[in-house]
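Read through the structure below, which is laid out as structure tokens, and then see the notes.
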Number of protein chains: 2
Amino acid sequence: MADEKTANAKPVAAVLEAINFDSNGLVAAIAQQHDTGEVLMLAWMDREAVTKTLETGRVHYWSRSRQALWPKGDTSGNTQSLVEFRIDCDADAVLLQVNQIGVACHTGKRSCFFTAVRGGKLETIG
Amino acid sequence: MADEKTANAKPVAAVLEAINFDSNGLVAAIAQQHDTGEVLMLAWMDREAVTKTLETGRVHYWSRSRQALWPKGDTSGNTQSLVEFRIDCDADAVLLQVNQIGVACHTGKRSCFFTAVRGGKLETIG
């Protein structure tokens, strides 16, 4: 266990170093279903959320409304397992390619992006 | 022309009303290639960028670094045409399904998310 922890410590530190966290210590995180390409949600991560996600393979966010670490699916069971962690060119956004268990959205929809502007009107889809 | 403007005015107002812009008047915008599902970039939009995007069908952002309206591809020619505009469940993020001409990233990469954490290391992909 100690060895495993040591093995992970350096890579996680390199990732934390690479990311440009904003003045609130957060980075925007897009979650995308790894095989279908569906964009599931946009949330935020702090250093601890990034660390926990990389160390455990289970996606953690920072809940801005609850101001707390948010292990995704903790109450709903709708967890996300990490398939790939990507960082953008200016390192102020990350893309999490995940395997979503159940639904991503608290409304019960698979994706949070279920409102579309169609024919000039807001329409619920999906 | 006047009629066209009037026809668009109301739907755009409804979309602006629906979006929860942050304290800086911005909303996070994910751009995704509409047919392949590739996530291209994350940027920000203000009310004017949303309005111009919906009215013209060409994606506009707000450049936080330049503090100015950013008609995507204005200098590079790498424009994005809007295929679908979606809003998330709490209306603080939008998903733009687009047709990207050329590349999305200023580095010349198709997607801004070209750095992956693989085997515990940061790796350039794509």
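A quick note: this is a predicted structure, and the numbers were derived from the prediction, not measured.
- Using a 4.5 Å cut-off between side-chain heavy atoms of Ile, Leu, Val, Met, Phe, Trp and Tyr, with links allowed through other members, V98(A) and I101(A) fall into different hydrophobic clusters.
- Contacts between residues 57-84 of chain B and chain A, defined by a heavy-atom separation under 4.5 Å, are made by R64(B), E84(B).
- Here the CG-OG1 distance, from L95(B) to T115(A), works out to 11.5 Å after rounding to the nearest 0.5 Å.
- Residues M45(A) and L54(A) share a hydrophobic cluster, clusters being chains of Ile/Leu/Val/Met/Phe/Trp/Tyr side chains in contact below 4.5 Å.
- Closest non-hydrogen pair, F113(A) versus I30(B), comes out as CZ-CD1, 3.8 Å.
- A single hydrophobic cluster is not seen to contain both W44(B) and F21(B); linkage of ILVMFWY side chains at heavy-atom distances under 4.5 Å, directly or through other members, places them apart.
- F114(B) and C89(A) make their closest contact through CE2-CB, 3.7 Å (heavy atoms, listed as atom of the first residue, atom of the second, distance).
- When each of E123(A), R118(A), H106(A) is scored by its heavy-atom pairs under 4.5 Å with chain B, the top score falls to R118(A).
- F85(B) is connected to V12(B) through a chain of hydrophobic side-chain contacts under 4.5 Å among Ile, Leu, Val, Met, Phe, Trp and Tyr, so both are in one cluster.
- Taking non-hydrogen atoms and a 4.5 Å limit, the residue list of residues 31-42 of chain B in contact with chain A, ordered by number, reads Q32(B), G37(B), V39(B), L42(B).
- Of the two parts of L122(B), only the side chain, counted from C-beta on, holds a non-hydrogen atom closer than 4.5 Å to a non-hydrogen atom of chain A.
- We find the SG-CG distance between C112(B) and D90(A) to be 7.0 Å, quoted to the nearest 0.5 Å.
- Ranked by heavy-atom pairs under 4.5 Å with chain A, the first of D92(B), V117(B), T107(B), V94(B) is V117(B).
- Looking at I87(A), the atoms closer than 4.5 Å to chain B (heavy atoms on both sides) sit in the backbone and in the side chain alike.
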